[in-house]
A.B. asks: 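Here it is, the structure in full.
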Protein chains: 2
Amino acid sequence: MADPIGTAGETGPTAGVSRLPAHTTMAIRPFMAQTPGAALISLKPEIEDLRHRLEGKEDRSVLELKALPAGCADRRRDNACAACGARPLSVCASMDDADLARLDALAEHLTLNVGDTLIRADDPARHVFNITSGSVRVYRLLSDGRRQITGFLFAGDFLGLATGETYAFSAEAIEPVTACRFRKSEYRALIRETPALETALLERATHELAAAQNQMLLLGRKTALERVATFLLEMPSHDPARPGPQGRVHLPMTRAEIADYLGLTIETVSRVLTRLKTQGLIRLVSLTEIRIERPEALRAVADGEA
Amino acid sequence: MADPIGTAGETGPTAGVSRLPAHTTMAIRPFMAQTPGAALISLKPEIEDLRHRLEGKEDRSVLELKALPAGCADRRRDNACAACGARPLSVCASMDDADLARLDALAEHLTLNVGDTLIRADDPARHVFNITSGSVRVYRLLSDGRRQITGFLFAGDFLGLATGETYAFSAEAIEPVTACRFRKSEYRALIRETPALETALLERATHELAAAQNQMLLLGRKTALERVATFLLEMPSHDPARPGPQGRVHLPMTRAEIADYLGLTIETVSRVLTRLKTQGLIRLVSLTEIRIERPEALRAVADGEA
DNA sequence: CGCACTGTTGAGCCTAATCAAGTTGTGTGG
DNA sequence: CCACACAACTTGATTAGGCTCAACAGTGCG
């Protein structure tokens, strides 16, 4: 296991810290596209360097206009390259340039490889993190090694907001990750000075709570078949950087990680995937790529209507 | 099932709406006592009318001083009568009298009987609720009737904060409940005008997220024995109105509700309780009252160290 | 090409669910 | 105060879904 980088002022050997241009610090992704209008608006793939899009004021306002669903004037959202998936940029309606500049001044930028640790449970909680690209697993362990992955985080997600002396969970990169982090003390000052950020975080937190309730329903009451079906249907909307073609699900995590997320074993996950394939609901394009052939049927299975 | 009262401006036949004296609107309870210093400070039992304690400024500052753990200058907390458990009062360091008066002016006060519905899933989400006394179950259903209770709420807890057109969960009283509610639109205005409230809610939400992660670990990876043990240990800290004598757990909910909270069946819950009793870890004082005889041993079981 | 790792498939087992009685507790009315 | 009805709870017997253990098959890398 790699050294953690969130425990002290220094970085572990596997993580790099660097400064990026202004206005690339925060990647605030929208909530899952529950309401139709709130879907993520991706930049056109042919635009290579996304940063250029935001340097002129006029471009940003265009993005905002496009990304703004009716009645969501105060909502934050981001934009990521659908092709490369890397380094999404924040487009934050209520945060002005001064806000963004302040954020950037306080942020450290991190680069992590697969398996690197962002946060280790029980370490002193000194930082707040924001993922800017890649995917992260968040989990808790029992003393005998049983693991429950409580969530996968993607570009735009926050980590370590909870108050408390130590982290109650661990977080590791499952893909190459870029992130930025703030010292807790500076984060608190930031919150005080940037009400728009606090509003955004509260809205985010309440949505995550709703998602957590969904996951509790899954873990407490759904069968293995229903769990996997639910997972496949909800996975794409969790990863705004890779919306991908309709019905195509990219799984950056291993079977073991899926199992630990769904409260199952790898064998059961594998069997259920095979069963869904045999029934013609999905197709296993590759190990990390699944195609949903009959979304309605899969939805019926996921909701226990089979 | 009773009529829901959160769906329209009117109240159902089983719920009463009344106005209470100023400054009794919000009951903001502290987070679970994870850090030693953050424990709830109860008023001395001999004080009958708690409201008197808060009418003089000097009394309030005394309460604040007593309730304030080191390094938590901005934290909200409440105080409830340990004897009667009813109507806790808010003591909110960063909210002044004007804030509280504004809250009161906007709140409707509700009274609910056992089984009454506060919130019904899929109804339009028009209100935000705050429990001022009693206990509430929050749950989700699958179409075939399987139920997962995602949490029990007590005095001081908030409900319905998530944005969204409709509620994603149901909430019902499991004891006589008093609550107050705000229209969503007025709640949003309130948030804008009362930054202290937003800060309190964000802190609350992040703590609830941490608790939700704990529950996911329980539902996904713990055995029936571990689940029940964990539940018994965490129950008292969830109900600040009734800290009760040390090692005494009051269970206002039925076995069916415990089962639906722990992802088990009533039979399994019953069997496990019997087993814990046989092993001498707990004693069943009555159906709703359990005494923990060997807390350390129970903790070991809960953490999977048995 | 070989090795290590991840994933798939099979056989048997075990925990908790299901089905089925009983028992205790509670509230109501006589 | 007791008799009764009903709900909540407990206990027992049986079943089944998913886990464990085990073997094998892809996949990727040096």
Side-chain angles (χ1 to χ4, degrees), chain A residues 1 113-115 137 142 144-148 174-175 218-232 251-279 282-290 301 304 306, chain B residues 1 113-115 137 142 144-148 174-176 218-232 250-279 282-290 301 304 306:
Chain A
M1 181 160 305
N113 297 313
V114 176
R137 60 170 174 250
L142 289 172
D144 60 2
R146 278 174 287 172
R147 179 177 70 168
Q148 179 64 40
I174 61 175
E175 285 182 304
L218 179 148
L219 292 170
R221 288 297 178 225
K222 287 192 178 180
T223 66
L225 192 65
E226 291 161 1
R227 294 183 199 203
V228 173
T230 305
F231 173 73
L232 291 177
L251 304 175
M253 66 291 291
T254 64
R255 296 287 186 272
E257 285 161 348
I258 297 173
D260 282 349
Y261 179 61
L262 299 179
L264 300 170
T265 58
I266 49 174
E267 294 93 332
T268 300
V269 170
S270 185
R271 276 186 251 272
V272 169
L273 285 174
T274 305
R275 192 168 150 199
L276 288 171
K277 185 184 68 179
T278 307
Q279 295 177 345
I282 63 171
R283 183 143 46 124
L284 305 174
V285 180
S286 75
L287 275 178
T288 59
E289 196 87 9
I290 281 175
V301 171
Chain B
M1 181 158 310
N113 296 314
V114 176
R137 60 170 174 250
L142 289 171
D144 60 2
R146 278 174 288 173
R147 177 177 72 165
Q148 178 65 41
I174 59 175
E175 285 181 304
L218 180 149
L219 292 170
R221 287 296 178 228
K222 288 192 178 179
T223 65
L225 191 65
E226 291 160 3
R227 292 183 200 202
V228 174
T230 306
F231 173 73
L232 291 178
H250 175 69
L251 303 175
M253 65 290 291
T254 66
R255 297 285 186 273
E257 285 161 347
I258 297 174
D260 282 349
Y261 179 62
L262 299 178
L264 301 169
T265 58
I266 49 173
E267 294 93 331
T268 300
V269 170
S270 185
R271 277 186 248 273
V272 170
L273 284 175
T274 304
R275 193 168 148 199
L276 287 172
K277 185 184 69 177
T278 307
Q279 295 178 345
I282 63 171
R283 183 145 43 128
L284 304 175
V285 179
S286 76
L287 275 178
T288 59
E289 196 86 13
I290 281 174
V301 170

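Here the structure is a predicted model, which is why all the values come from computation and not from measurement. To find a chain, count down the sequence lines: A is the first, B the second, and so on, and within it residues start at 1.
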A.B. asks: Please write out each protein N/O paired with an N/O of nucleotides 21-26 of chain D under 3.5 Å, distance rounded to 0.1 Å.
C.D. replies:
| from | atom 1 | to | atom 2 | distance (Å) |
| --- | --- | --- | --- | --- |
| D/dC21 | N4 | A/Glu267 | OE2 | 3.1 |

A.B. asks: Please report the shortest heavy-atom distance between A/Ala259 and A/Ile266, naming the atom on each side.
C.D. replies: CB-N, 3.6 Å
A.B. asks: Can you tabulate the close N/O pairs, meaning under 3.5 Å, that link protein atoms to atoms of nucleotides 4-7 of chain C?
C.D. replies:
| from | atom 1 | to | atom 2 | distance (Å) |
| --- | --- | --- | --- | --- |
| C/dG7 | OP1 | A/Arg255 | N | 3.1 |
| C/dG7 | OP2 | A/Arg255 | N | 3.2 |

A.B. asks: When all nucleic acid strands are considered with a 4.0 Å heavy-atom cut-off, which category describes A/Leu273: base, sugar-phosphate, or nothing?
C.D. replies: nothing
A.B. asks: Who are the side chain to side chain contact (heavy atoms under 4.5 Å, CB included) partners of A/Thr223, not counting sequence neighbours?
C.D. replies: A/Leu225, A/Glu226, B/Arg146
A.B. asks: Is the shortest side-chain heavy-atom distance between B/Thr268 and B/Leu262 below 4.5 Å?
C.D. replies: no
A.B. asks: Between atom CZ in A/Arg146 and atom C1' in D/dC19, what is the gap in whole Å?
C.D. replies: 13 Å
A.B. asks: Can you check whether B/Thr265 has a side-chain N or O nearer than 4.0 Å to OP1 or OP2 of C/dA16?
C.D. replies: no
A.B. asks: Contact between B/Gln148 and B/Leu219 at the side-chain level, heavy atoms closer than 4.5 Å - yes or no?
C.D. replies: yes
A.B. asks: What are the two closest non-hydrogen atoms of A/Val301 and A/Ala229, and how far apart are they?
C.D. replies: CG1-CB, 3.8 Å
A.B. asks: Atom CD1 in B/Ile258, atom OG in B/Ser270: separation rounded to 0.5 Å?
C.D. replies: 10.0 Å
A.B. asks: Which value, rounded to the nearest 0.5 Å, describes the distance between A/Leu232 atom CG and A/Leu276 atom CG?
C.D. replies: 7.0 Å
A.B. asks: What's the angle between the local helix axes at either end of the helix from C/dC1-D/dG30 to C/dG30-D/dC1, using five pairs per end and rounding to 10 degrees?
C.D. replies: 40°
A.B. asks: Is there a side-chain contact between B/Val272 and B/Arg227 (heavy atoms, below 4.5 Å)?
C.D. replies: no
A.B. asks: Hey, can you pull the residues of residues 221-228 of chain A with a non-hydrogen atom under 4.0 angstrom from DNA chain D?
C.D. replies: A/Thr223, A/Ala224
A.B. asks: Take atom CG of A/Leu262 and atom C1' of D/dG17, then tell me their distance rounded to the nearest Å.
C.D. replies: 16 Å
A.B. asks: Which distance, rounded to the nearest 0.5 Å, do you find between the CD1 of B/Ile290 and the CD1 of B/Ile282?
C.D. replies: 4.5 Å
A.B. asks: Hey, could you give me the CG/CZ distance between B/Leu251 and B/Phe231, rounded to the nearest 0.5 Å?
C.D. replies: 5.5 Å
A.B. asks: Take atom CG of B/Leu284 and atom P of C/dT23, then tell me their distance rounded to the nearest Å.
C.D. replies: 19 Å
A.B. asks: I need the A/Ile174 CD1 to A/Thr254 OG1 distance, nearest 0.5 Å.
C.D. replies: 8.0 Å
A.B. asks: Tell me whether the OP1 or OP2 atom of D/dT11 has a side-chain N or O from B/Thr274 closer than 4.0 Å.
C.D. replies: yes
A.B. asks: To the nearest angstrom, how far is A/Arg275 atom CZ from D/dG17 atom C1'?
C.D. replies: 10 Å
A.B. asks: Only pairs at least two apart or in different chains count here, so list each salt bridge (charged side-chain N to carboxylate O under 4.0 Å, His left out) that has a residue in residues 253-271 of chain A.
C.D. replies: A/Arg137-A/Glu257, A/Arg147-A/Asp260, A/Asp260-B/Arg221
A.B. asks: Expressed in angstrom and rounded to an integer, what is the separation of A/Leu219 atom CG from D/dG17 atom P?
C.D. replies: 19 Å
A.B. asks: Does A/Glu289 reach the main-chain N or O of A/Leu284 with its side chain, forming a donor-acceptor pair under 3.5 Å?
C.D. replies: no
